[in-house]
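So you know, we letter chains A, B, ... as the sequences are listed, proteins then strands, and number each from 1.
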Amino acid sequence: MAVAELAQVIVDVPTLQTNRPYTYQVPPKLEHQIQVGMRVIVPFGKGKRSVQGFVVGLDQPADFQGTLKQITALMDLVPVVNSEMMQLSHWLADKTYSFWISCLYTMLPNMLKAKSKRIVKLVQPLAPEDQAIFGQQNVLDYSLVQNQASIVSRLLTLKRAGKVQFEYQVQDRARVKTVAQIQPVLTVDEYKQLRSKTRANATAQRKMLDYLQSIVGQQVLISQAQKTTHLSSANFRQAEDKGWISMQQIEQYRQPFGAELTDPAAKDPLYLNLDQQRALASVKQSIDNRQSTVFLLQGVTGSGKTEVYLQAMAHALQQGKTALLMVPEISLTPQIAERVRARFSSQVAVLHSGLSAGERYDEWRRIERGEAQVVVGARSAVFAPLKNIGIIIMDEEHETSYKQDDAPRYHSREVAKWRAKYHHAPLLLGSATPSLESYSRALAGNYQLLQLPHRVNKRPLPPIKIVDMRPEVQRRGESNFSTALLTALQERLTKHEQSILMLNRRGFSSFIMCRDCGFVLKCPNCDISLTMHLDTHTMRCHYCGHEEPIPQRCPQCHGRHIRYYGTGTEKATKELQALLPTARILRMDVDTTRRKGMHEKLLQKFGSGQADILLGTQMIAKGLDFPNVTLVGVLNADTGLDLPDFRASERSFDLLSQVSGRAGRADKKGQVIVQTFNPDNYVIRLVQAHDYRKFFNTEMQIRQLASYPPYYYTIRLMGSHEDEQVAAKMMYDIRQELGKQLASDTMILGPTPRAIARLKKRYYYQIVIKYRQDPQLHSLLTKIMQEAQNKYQRGAELAIDPDPQYFL
DNA sequence: AGCACGCCGACT
DNA sequence: GTCGGCGTGCTC
């Protein structure tokens with residue numbers, strides 16, 4: 001390997017001014033080891049500060065005039081960022097206007113982000129009252145005292161006097177889990193001999209020796225040995241001391257799932273119908289020819305998209321390649337991950353937010369080492385360090401969870417396209433209700449459209465009955481359940497079939513309002529209404545986490561008629577239980593699934609028939625496949641329709657279509673009942689007609705008239721500051737600058753104060769840019785972003801969100 | 001980010 | 001006179 005004397009390092013200081021490589025000297029002892037993509041510790045800035053960084057280049061001449069500093073340490077034996085990922089991170093930083101360092105960390109498991117610890121070291125003896133700060137020690141963890149102003153100022157004084165020193169410790173958090181393994185070191189005869197010498201009442205020793213005889217020549221995990229012998233770990237340690245066995249620590253991966261698969265039958269490929277075969281053939285051809293075609297697989301719910309995915313992945317594996325399957329959020333769709341594991345068993349690695357940091361790190365290493373060839377995961381799995389990718393699949397490609405909400409604001413679909421191109425592999429986007437963006441690209445021929453118009457069980461899609469809630473409420477008073485829905489539920493109970501009920505919570509909050517004076521309880525930091533949480537008896541802000549007790553009296557007029565509005569799943573469940581006393585109802589929402597693994601538990605309970613009705617929020621709409629479910633009810637179809645969001649209709653269409661698809665998936669006939677106050681709304685009508693194409697056409701017209709995507713691209717600029725005036729001024733200045741240099745059909749909206757103007761004690765102003773083609777725009781925005789640091793008042797922050805999901 | 005430098009008000 | 005407040009600039 002080449003010898004490197006200089007290294008270019010991206011340091012872990014996420015600011016604009018430091019968003020570039022710094023050159024360091026490589027100490028001689030590291031010259032032969034250092035490689036691009038390794039993590040290093042380097043001194044940075046004045047004082048004793050040291051930070052983690054990534055080597056992004058070697059031996060590029062430095063045009064820096066001062067004395068170069070030396071790299072303190074290498075954190076890795078092999079690079080954690082390979083060449084593909086290095087290029088990808090650079091592209092991502094440019095594309096999303098974010099820091100290179102943030103992109104690098106985004107691609108890696110959290111454990112590889114070192115945490116730095118500030119410590120205070122004693123250098124000279126102190127007066128007793130100062131020594132008290134340190135106690136018996138001569139080093140102090142700064143984080144323990146940093147909130148105590150008096151101590152901090154005393155330490156600073158001592159520092160100036162040269163009596164103490166501030167230092168940094170960078171700690172790698174990456175921990176490999178090890179387990180103990182034992183190995184007999186004597187022969188069978190020797191063990192026999194030892195046994196004959198033991199006293200008759202030394203039962204433990206005799207048991208041990210008998211056992212050791214039986215495993216001569218093997219290595220056994222100590223946990224396993226303990227299980228078979230019922231001896232304690234102390235017994236084995238004694239055995240080691242006596243020289244009967246040797247013990248070593250071996251590396252072991254943490255096991256993210258339970259040991260065994262639930263359904264071994266799912267191992268075999270299923271028979272494909274003609275549509276599926278046709279779709280699969282196109283994808284296979286693309287894999288074989290190393291073409292990075294983008295396919296859009298549109299298949300109605302229950303049309304067998306997953307089986308096409310599985311067989312396409314199997315084909316890639318047969319070619320000695322790897323496969324990546326992305327799903328919106330695994331905890332919401334555990335069934336698909338389960339199917340992939342059933343098909344490909346130990347070749348599968350799973351990456352999602354439900355894993356502990358350690359499990360995630362282990363899965364990442366299995367992929368990186370090539371031990372797993374199939375990856376299933378949510379948004380960030382698009383960065384899985386697979387080599388030689390044969391196919392990338394994105395299920396439910398229209399899902400908003402594929403777009404990251406904070407920096408780097410990437411969309412997995414775009415990253416997936418980049419990687420597919422890099423590996424000359426096809427990208428397969430699947431959905432029953434594709435995003436308008438993707439569908440219009442497919443119609444334009446940029447993507448290849450594949451369609452699965454029929455359900456595999458040859459059943460028609462379930463009929464959807466729309467219930468107008470207006471007369472219903474007039475007749476019976478306020479209720480979440482119409483007569484029609486109750487009757488249908490009752491029928492299912494009699495027939496021992498199951499039902500799913502969805503309460504649409506999107507754009508819906510259970511806030512508190514005083515009926516006397518109209519006062520609404522809001523967050524003191526964010527100016528948005530607080531949501532009531534009955535489980536903790538608090539009012540909570542969804543944006544900043546602020547929490548306060550539920551008021552008994554109105555804080556404004558002190559009246560007692562302060563009541564909450566809106567229905568939560570909890571209230572709906574209670575009402576339903578009163579109406580159908582014999583029904584076994586399972587509630588599923590954020591409150592009942594907060595604890596790890598609760599999701600799976602609830603679904604398992606429902607799947608095994610231990611409940612008649614599953615009542616939940618949007619989380620039950622996707623991907624669930626229960627054969628005994630024949631009724632789906634939507635309690636309030638319209639709450640998402642009137643949000644100030646240009647995608648509100650698209651999301652509602654998607655949600656209602658998806659949840660309808662949960663009914664009648666096996667050989668029983670399904671039925672859907674949708675309750676609404678807007679029975680004539682086109683979204684609801686077209687969901688009823690199962691007519692995606694017509695919805696697409698209607699919605700496209702609206703988008704065209706209003707110049708929204710997919711006709712126009714959008715970019716959102718958000719400026720913030722503690723002082724509202726400063727934030728506003730910055731955004732007006734930026735608008736001016738933009739106005740001078742944009743293409744003629746580019747539109748600038750704003751600046752406007754954000755709907756939620758004050759968030760975490762900062763004021764936000766935003767500009768939305770709509771454009772069709774503007775070659776200058778990207779570099780102009782990059783420039784504005786770079787200048788923002790010095791041009792505006794200190795504390796001003798600018799963030800750019802390309803293709804935002806929300807304008808709120 | 002975080003650290004040092006540097007220039008103005010309230011203390012021994 | 002100095003101690004320490006925070007505004008400013010830079011980090012290989």
Side-chain angles (χ1 to χ4, degrees), chain A residues 4-27 30-31 34 36 38-74 93 98-106 113-121 130 141-143 145-171 406-408 720-723 726 760 762 785-799:
Chain A
E5 288 172 12
L6 299 177
Q8 278 68 48
V9 176
I10 290 289
V11 291
D12 183 9
V13 183
T15 66
L16 277 162
Q17 299 101 311
T18 51
N19 186 30
R20 61 190 175 82
Y22 286 87
T23 305
Y24 285 85
Q25 224 152 41
V26 181
L30 299 179
E31 276 178 357
I34 195 162
V36 171
M38 287 179 172
R39 294 173 305 149
V40 289
I41 302 297
V42 292
F44 192 69
K46 294 170 186 168
K48 296 259 175 193
R49 193 176 176 199
S50 62
V51 296
Q52 180 170 270
F54 289 84
V55 179
V56 298
L58 291 171
D59 276 342
Q60 290 151 31
D63 55 1
F64 179 66
Q65 299 305 321
T67 338
L68 296 178
K69 290 185 181 172
Q70 267 202 349
I71 287 174
T72 312
L74 262 182
S98 37
F99 309 124
W100 197 353
I101 187 72
S102 312
C103 294
L104 285 163
Y105 277 132
T106 297
K113 185 173 166 80
K115 69 168 197 249
S116 72
K117 195 166 143 187
R118 290 165 86 184
I119 53 167
V120 191
K121 248 191 183 160
D130 291 329
D141 184 341
Y142 185 73
S143 63
V145 297
Q146 65 180 358
N147 293 322
Q148 293 161 268
S150 58
I151 294 183
V152 169
S153 81
R154 190 67 208 145
L155 286 172
L156 288 172
T157 309
L158 291 169
K159 182 185 161 215
R160 251 172 263 130
K163 294 192 173 168
V164 301
Q165 235 176 34
F166 282 66
E167 278 187 23
Y168 270 82
Q169 260 176 7
V170 184
Q171 290 168 325
D406 36 56
S720 70
H721 196 272
E722 288 174 4
D723 182 344
V726 176
K760 296 183 184 164
R762 295 178 71 85
M785 189 81 179
Q786 254 149 29
E787 286 173 356
Q789 188 70 18
N790 303 317
K791 206 164 166 181
Y792 307 103
Q793 214 165 311
R794 217 180 157 82
E797 276 171 25
L798 178 65

Hits for side chain to side chain donor-acceptor pair (under 3.5 Å) against A/Asp59, two or more places apart or cross-chain, chain-then-number order -> none
Excluding sequence neighbours, so at least two apart, what forms side-chain contact (heavy atoms from CB on, under 4.5 Å) with A/Met38?
A/Gln35, A/Leu74, A/Asp76, A/Pro79
Applying side chain to side chain donor-acceptor pair (under 3.5 Å) to A/Ser102 and not counting sequence neighbours gives none
Ignoring hydrogens and angles, write down the donor-acceptor pairs under 3.5 Å from the side chains of residues 42-58 of chain A, residues two or more places apart or on other chains.
residue : atom : partner  : partner atom : Å
A/Gln52 : OE1  : A/Arg39  : NH1          : 3.3
A/Gln52 : NE2  : A/Tyr105 : OH           : 2.6
A/Gln52 : NE2  : A/Leu112 : O            : 3.1

Can you list everything that forms a side-chain contact (heavy atoms from CB on, under 4.5 Å) with A/Gln786? Sequence neighbours excluded, please.
A/Thr782
How is A/Pro14 classified with respect to the nucleic acid when contacts are heavy atoms under 4.0 Å: base, sugar-phosphate, or nothing?
nothing
To the nearest 0.5 angstrom, please state how far the CG atom of A/Asp723 sits from the CZ atom of A/Arg762.
11.0 Å
First-last contacting nucleotides on DNA chain B - partner chain A, under 4.0 angstrom, heavy atom
B/dA1 to B/dA4
Side chain to side chain donor-acceptor pair (under 3.5 Å) filter on A/Glu5, not counting sequence neighbours, yields none
Pairing residues for A/Gln70 by the side-chain contact (heavy atoms from CB on, under 4.5 Å) criterion, not counting sequence neighbours:
A/Gln25, A/Pro27, A/Pro28
Which residues satisfy the side chain to side chain donor-acceptor pair (under 3.5 Å) test with A/Ser98, sequence neighbours excluded?
A/Thr96
My understanding is that only residues two or more places apart in sequence, or in another chain, count here; which of them pass salt bridge (charged side-chain N to carboxylate O under 4.0 Å, His left out) with A/Lys113?
A/Asp12
Once you apply a heavy-atom cut-off of 4.0 Å, does A/Gln17 come out as touching a base, just sugar-phosphate, or nothing?
base
Let's see if you get this right: which residues in residues 19-27 of chain A place a heavy atom under 4.0 Å from DNA chain C?
A/Arg20, A/Tyr22, A/Thr23, A/Tyr24
DNA chain C: first to last nucleotide in contact with chain A (atom under 4.0 angstrom from a heavy atom), 5' to 3', is C/dG4 to C/dC12
Toward the 5' end of DNA chain C, by each residue's nearest nucleotide, A/Lys46 or A/Asp63:
A/Lys46
